Protein chains: 2
Amino acid sequence: MKRPTLGVSAAERIRNSARELFYSNGIRGVGVDEIVQNAGVTKPSLYRAYESKDGLAAVYLDEFYKTCRTYFEEAEATCPDDPRGQILAYFDGLAERASRPAYRGCGLTNAILEFPDHDHPVRQEAARLKQAMADWIASRVTLLDARAPETLTSGLVLLMEGVFVAGQAFAPPGPGARAGAVARLLLHDV
Amino acid sequence: MKRPTLGVSAAERIRNSARELFYSNGIRGVGVDEIVQNAGVTKPSLYRAYESKDGLAAVYLDEFYKTCRTYFEEAEATCPDDPRGQILAYFDGLAERASRPAYRGCGLTNAILEFPDHDHPVRQEAARLKQAMADWIASRVTLLDARAPETLTSGLVLLMEGVFVAGQAFAPPGPGARAGAVARLLLHDV
DNA sequence: CAGCCTATGTACCGATCGGTAACATCGTCA
DNA sequence: TGACGATGTTACCGATCGGTACATAGGCTG
């Protein structure tokens with residue numbers, strides 16, 4: 001019997017496997033058998049470490065949100081005390097990411113679209129984290145002295161979500177590659 | 001045995017049932033049993049009228065695209081010979097639609113997100129029709145004398161797709177309700 | 001009424017899915 | 001050595017899925 005646990009616990013291997021597969025193929029598009037096979041473990045190990053497939057999906061979403069937060073924090077670090085520059089830095093980075101060939105958008109947005117039932121726990125978790133992403137944009141805009149902050153916030157949130165899906169709907173480089181220029185257009189008079 | 005075909009063929013009943021259910025719950029989220037039950041017919045009737053569930057889904061997507069085209073044509077009719085007004089009319093209408101409580105976005109975008117496999121026939125059909133939607137926006141922008149037409153086209157396409165998903169991700173009225181104002185912001189100097 | 005054709009229903013298939021039970025095996029540490 | 005915790009092995013369950021073979025009902029025409 002092979003024991004490929006090279007210092008990496010089964011739970012961690014499963015989490016990594018689920019992250020790759022959930023992001024590439026969607027949550028509903030991946031079966032637990034595929035997850036454990038890709039992780040080099042067996043099914044009972046998955047259910048010893050996680051409550052259910054939905055529970056594992058929730059862990060995946062939390063992890064994905066953490067990655068998104070690092071993008072926000074990087075943008076803040078790039079332009080300290082310059083909310084306009086932070087917004088532009090974020091959208092420049094987003095445009096670059098969305099131009100890569102295997103781009104699959106935002107795991108949270110994808111999950112919301114995958115689960116139309118508002119009461120599904122996976123969707124609720126994704127929607128909660130997605131709101132936090134919109135809140136970051138809103139917080140940057142309030143630091144600006146914009147004439148119409150609500151319109152600007154809505155525009156930037158819609159732009160962000162647009163890049164997430166356009167990166168999948170159109171062959172790269174699609175419209176998402178110009179997200180930075182579009183953000184500058186929205187911010188042109190602030 | 002009941003014969004509930006009140007002048008409406010089984011194929012038509014199935015098409016109507018599939019349209020409602022596919023739009024509300026997604027294509028993958030609806031089983032053929034649910035479709036035929038909602039249509040008041042039985043499963044073999046579905047497979048006599050349509051090649052497969054995927055084939056029925058393709059018909060649904062074509063129908064959905066026709067609806068989108070009527071929105072474009074209405075915008076053109078509202079402001080003849082005024083591409084800027086046509087764009088604004090379209091986004092005003094989109095904002096109104098996206099503010100309704102049961103809004104579920106664009107069936108084409110939803111289908112693309114539901115089928116991550118680029119080779120899946122349902123996704124290919126959805127992507128083809130989605131490109132046609134982006135082409136309409138591009139055609140309006142070329143009629144404008146914009147300084148940066150590529151950026152403007154990308155911005156409007158991203159705005160449109162953003163409304164499609166934000167209408168589902170955020171409780172109404174979400175950012176999509178301001179799509180008209182955002183479009184005016186993007187078009188402010190043309 | 002006989003015969004036929006078309007539309008429809010009944011019952012089923014094989015595959016896949018998420019999830020579980022029971023038991024075997026390994027490494028570690030006292 | 002012996003006990004323990006973590007993992008692997010095998011086999012299975014019930015539900016759901018897309019899809020189909022076969023029987024049946026109704027209307028038309030002779």
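Not measured: the values here are computed from a predicted model. Numbered from 1 within each chain, the chains take letters A, B, ... in sequence-line order.
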Could you state the [atom1]-[atom2] distance from [X] to [N], rounded to the nearest angstrom?
| X | N | atom1 | atom2 | result |
| --- | --- | --- | --- | --- |
| A/Q37 | D/dG8 | CD | P | 14 Å |
| B/Y50 | C/dA7 | OH | C1' | 15 Å |
| A/N25 | C/dT16 | CG | P | 16 Å |
| B/K53 | C/dT16 | NZ | C1' | 14 Å |
| A/I14 | C/dG19 | CD1 | C1' | 14 Å |
| A/D33 | C/dA15 | CG | P | 15 Å |
| A/R28 | C/dC17 | CZ | C1' | 12 Å |
| A/D54 | C/dC17 | CG | C1' | 13 Å |

Which nucleotide sits closest to the side chain of [X]: [options]?
| X | options | answer |
| --- | --- | --- |
| A/P44 | D/dA21, C/dA21, D/dG18 | C/dA21 |
| A/K43 | C/dT20, C/dG19, C/dT10 | C/dG19 |
| A/Y47 | D/dC22, D/dT7, C/dT20 | C/dT20 |
| B/V41 | D/dG8, C/dT8, C/dG9 | C/dG9 |

| request: Show your working on side chain to side chain contact (heavy atoms under 4.5 Å, CB included) between B/T42 and B/V36 and close with a plain yes or no. | output: CA-CA 5 Å; B/T42 54; B/V36 298; 5.7 Å; no
| query | Has A/S45 got a side-chain N or O lying under 4.0 Å from the OP1 or OP2 atom of D/dG8? | reply | yes
Carboxylate-amine/guanidinium proximity below 4.0 Å for [X] and [Y]:
| X | Y | result |
| --- | --- | --- |
| A/E63 | A/K66 | no |
| B/D62 | B/R128 | no |
| A/R123 | A/E114 | no |

| request: Could you check whether the rings of B/W136 and B/F72 sit parallel, tilted or perpendicular, using 30° and 60° as the cut-offs? | output: parallel
| message | Once you apply a heavy-atom cut-off of 4.0 Å, does A/T42 come out as touching a base, just sugar-phosphate, or nothing? | response | base
| query | Under 4.0 angstrom, heavy atoms only, what part of the nucleic acid is B/V30 near: base, sugar-phosphate, or nothing? | reply | sugar-phosphate
| request: Classify the side chain of B/R48 versus the base of D/dG19 as yes if they form a donor-acceptor pair under 3.5 Å and no if they do not. | output: no
